[in-house]
2 protein chains.
Amino acid sequence: MPDLPGLHAGDPARRIPPASVARLTIYLRALNSLIADGTERVSSEELADAAGVNSPILRKDLSHLGSYGTRGVGYDAQFLTRQISSALGLTLDWRVAIIGVGNLGRALAGYPGFVSRGFGIVALVDADQLVVDTEVGYLRVSAVDELEAVLERTRTNIAVLCVPTSVAQEMCDRLVDAGISSILSFAPVVLQVPDHVQVRKVDMSTELQILAYHAQRAQEPDLGPISRAQ
Amino acid sequence: MPDLPGLHAGDPARRIPPASVARLTIYLRALNSLIADGTERVSSEELADAAGVNSPILRKDLSHLGSYGTRGVGYDAQFLTRQISSALGLTLDWRVAIIGVGNLGRALAGYPGFVSRGFGIVALVDADQLVVDTEVGYLRVSAVDELEAVLERTRTNIAVLCVPTSVAQEMCDRLVDAGISSILSFAPVVLQVPDHVQVRKVDMSTELQILAYHAQRAQEPDLGPISRAQ
DNA sequence: TCCTGTGAACTCGTTCACAGCG
DNA sequence: CGCTGTGAACGAGTTCACAGGA
């Protein structure tokens, strides 16, 4: 099937491969840091180094957005930042509610990288009466009974789930019923949600276990097939 | 090249694809939860459902470890748990040091899922004199000046980096120089490390941005190539 | 007959080499 | 001439269909 007229690489309708989307967020951070250091123009090689990838894959990733570089020269750092932000939808305003204000929820509420780049925390919700109505990072904590009302009033479009594992699915169901379709979960469980809901998981125990796997293999190099063959 | 004698699928020397390793940790959790509910035997279909994957890929993942199921029946939940744990290296003891005892470091120190399954927190380290020598979750916080001595004394083999972005690379270098080769970082930067060092990153702002990308696309269904073609 | 284990087909992602433009 | 943008080759990962043992 030939491309339709008006549908070139830079068209926002063109879906960006998931692996590219993940890397685009890294490029954005690398660009920020380069711009902070006074960089105006950057080559694919330089940006790739800063992002910890190789330059062909960076160019291929950027090509999904369109042709925003200058051949023989490189990319305008500011302009490229805007293009990536726009492609990722970071120019819209994202209203984040943190559900569960324990140690982790508190850490997130105070996390500076959270507020930057279009994400604003608009609500904190907790079940513990000792926490409800206290102030955490300039926001008053709401009671979980009022969850649905708070989500509606604040026009929350992203929820961050920091509740104990045992109530994570239940709370997730309430979020979905309240019309939330983007959830970032810190609970170490597989959440069951309808197809239209996007769930991303941040999971420290999985990451630790992956580290353990690699460390274990590094400890036993003599078990490798090559050395065993000799 | 034919397989060498003694090198079958279940041999620990056989490298497990990264994508499978990540899922194996999920199966482990799903199995735990099934066992807690009294399950003794489980089919690939049931376990796959609990883990949120399809059954062929679960069977393929398990086949990297060996043939631990019974055809026509399924898997013994306890036995399979032991086999996966062993393949991931979770039977060894992993000594974790938390570097940076801010909000996030504190949250991790108290995180129950952390201590379970072979991971034990053995040290807390911070640069803030107000925090040093205080007790956090039954451990005394050590000064960052003593980092190298603490890592050696506690025989730390995994470090968790929860320090501010600005000092993350510097602290990472010190960890590497002190002989640490497994690092879990919460800092939103690309850490430069030698090849033999494994770094895993947990990155909330990346995850949020990925959610934003999908939510943005869901908001504008009319831009899809199919509907535009009509 | 049931459900596991696995080659073979296929899809997705990465690497490469170079055409093309400034 | 330099660096971007991209088709084409390659490799990793997933799906499928079914062979094969309990």
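Per chain, numbering begins at 1; letters A, B, ... match sequence-line order.
In the helix from C:dT1-D:dA22 to C:dG22-D:dC1, the rotation axis of the first five pairs and that of the last five pairs differ in direction by 0°, rounded to 10 degrees.
Atom CD1 in B:I57 sits about 16 Å away from atom P in D:dA12, given to the nearest Å. Protein atom CG of A:L62 is 10 Å distant from nucleotide atom C1' of D:dT4, rounded to whole Å. B:E45 has its CD atom 13 Å from the C1' atom of C:dC2, to the nearest Å. The CG-C1' distance, from B:L58 to C:dC3, rounds to 12 Å in whole Å. In this structure, OH of B:Y27 is placed 13 Å from P of C:dT4, rounded to the nearest angstrom. We find that NE2 of A:H64 is positioned 12 Å from P of C:dC12, with the value rounded to whole Å. Rounded to an integer number of Å, the gap from B:D76 CG to D:dA22 C1' is 15 Å.
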Using a 4.0 Å heavy-atom cut-off, write out nucleotides 16-22 of chain C from 5' to 3' as B (base contacted by protein), S (sugar-phosphate only) or - (no contact).
-> BB-BBBS
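Distance alone, capped at 3.5 Å, places no donor-acceptor pair between the A:E170 side chain and the A:V167 backbone. In this structure, A:Q198 contributes its side chain and B:H214 its backbone to no donor-acceptor pair below 3.5 Å. At least one donor-acceptor pair under 3.5 Å links the side chain of B:S43 to the backbone N or O of B:E46. Within the 3.5 Å criterion, the main-chain N or O of A:I35 finds no donor-acceptor partner in the side chain of A:T39.
The CZ atom of A:R59 sits 9.0 Å away from the CG atom of A:N54 when rounded to the nearest 0.5 Å. Here CG of A:D173 is found 8.5 Å from CG of A:L191. Values are rounded to the nearest 0.5 Å.
Contact of the B:L28 side chain with the B:N32 side chain is not registered, since no non-hydrogen atoms from C-beta on lie closer than 4.5 Å.
Contact between B:P188 and A:Y111 at its shortest, heavy atoms only, is CG-OH, 3.3 Å. Between B:A48 and B:L58 the shortest heavy-atom distance is N-CD1, 3.8 Å. Heavy-atom minimum distance, B:I26 versus A:V190: CG2-CG2, 3.7 Å. Among all heavy-atom pairs drawn from A:A30 and A:A50, the shortest one is CB-CB, 4.0 Å.
Near DNA chain D, meaning a heavy atom under 4.0 Å from it, residues 17-26 of chain B has B:P17, B:P18, B:A19, B:R23 in order of number. Within residues 29-44 of chain B, the residues approached by DNA chain C to less than 4.0 Å at the level of any non-hydrogen atom are B:S43, B:S44, in residue-number order.
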Check residues 199-206 of chain B and write down every donor-acceptor pair under 3.5 Å in which the side-chain atom is one partner and the other belongs to a residue at least two apart or another chain.
from: B:R200; atom 1: NE; to: A:E207; atom 2: OE1; distance (Å): 2.5
from: B:R200; atom 1: NH2; to: A:E207; atom 2: OE1; distance (Å): 2.9
from: B:D203; atom 1: OD1; to: B:S205; atom 2: N; distance (Å): 3.1
from: B:D203; atom 1: OD1; to: B:S205; atom 2: OG; distance (Å): 3.1
from: B:D203; atom 1: OD1; to: B:T206; atom 2: N; distance (Å): 3.0
from: B:D203; atom 1: OD2; to: A:R29; atom 2: NH1; distance (Å): 3.3
from: B:D203; atom 1: OD2; to: A:R29; atom 2: NH2; distance (Å): 2.4
from: B:D203; atom 1: OD2; to: B:T206; atom 2: OG1; distance (Å): 3.3
from: B:S205; atom 1: OG; to: A:R29; atom 2: NH1; distance (Å): 3.1
from: B:T206; atom 1: OG1; to: A:T25; atom 2: OG1; distance (Å): 3.1

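Between C:dT4, D:dT14, D:dG5, one nucleotide has an atom nearer to the side chain of B:Y75 than all others, and that is C:dT4.
Enclosure of atom CZ in B:R174 by more than 12 non-hydrogen atoms of other residues, nucleotides or ligands within 6.0 angstrom is indicated.
When the side-chain nitrogen and oxygen atoms of A:Y68 are compared with OP1 and OP2 of D:dC3, none of them lie within a distance under 4.0 Å.
Listed by first and then second residue, the side-chain hydrogen bond (donor to acceptor under 3.5 Å, both in side chains) pairs that reach into residues 83-98 of chain A are A:Y68-A:Q83, A:D93-A:R95, sequence neighbours excluded.
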